[in-house]
Amino acid sequence: MELPLLVCYFRVIKRRIRSHGKTRPDMAPGCPEKLDWAFTKFIWTTYRRRKSRMRERLREFEKLHPNNKVVLLKGQRAICNYLESVHPTK
């Protein structure tokens, strides 16, 4: 999945609000949810580089495993459409 930067950041903020003062199950014990300047800066300054690296990794994976299909989903609509195509609800 390759969601736009603003969507990713919005979801970080939403997760922060929902988990305020709590430790999510996918986090280390005693590590409460937080959103500080360092994390915000990390998100905004590394997004493009991380996206580029992930695409490189996907290309390498395709070369190493040509029988496996790599599907790049860009946006919520693409995600929903893909899920519906592999597991129709009707």
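In what follows, every heavy atom counts, from backbone to side chain, and hydrogens, waters and symmetry copies are set aside.
Scanning for side chain to side chain contact (heavy atoms under 4.5 Å, CB included) contacts around I79 gives M1, L3, L73, Q76, L83, with sequence neighbours left out. Partners of S19 according to the side chain to side chain contact (heavy atoms under 4.5 Å, CB included) rule, which considers only residues two or more places apart in sequence or in another chain, are R15, R24, E33. Listed by chain and number, the residues in a side chain to side chain donor-acceptor pair (under 3.5 Å) with Y9 are T40 (sequence neighbours excluded). K22 pairs by the side chain to side chain contact (heavy atoms under 4.5 Å, CB included) definition with nothing, not counting sequence neighbours. Residues satisfying the side chain to side chain contact (heavy atoms under 4.5 Å, CB included) criterion with F42, sequence neighbours excluded, are F39, T46, R50.
Listed by first then second residue, pairs satisfying ring-ring contact (aromatic ring centres under 6.0 Å, His included) with a partner in residues 11-31 number zero, not counting sequence neighbours. Here salt bridge (charged side-chain N to carboxylate O under 4.0 Å, His left out) pairs that include residues 35-46, with residues two or more places apart or in two chains, are K34-D36.
Under the 4.5 Å side-chain criterion, counting only non-hydrogen atoms from C-beta, E84 is not in contact with C80.
Each of I43 and W37 belongs to its own hydrophobic cluster when Ile, Leu, Val, Met, Phe, Trp and Tyr are linked at side-chain heavy-atom distances under 4.5 angstrom. Note on L35 and W44: same hydrophobic cluster, where clusters join Ile, Leu, Val, Met, Phe, Trp and Tyr whose side-chain heavy atoms are under 4.5 Å apart, directly or indirectly.
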Donor-acceptor list for residues 52-69 side chains, cut-off 3.5 Å, not counting sequence neighbours:
{"residue": "R55", "atom": "NE", "partner": "E2", "partner atom": "OE1", "Å": "3.0"}
{"residue": "R55", "atom": "NH2", "partner": "E2", "partner atom": "OE1", "Å": "3.3"}
{"residue": "R55", "atom": "NH2", "partner": "E2", "partner atom": "OE2", "Å": "2.6"}

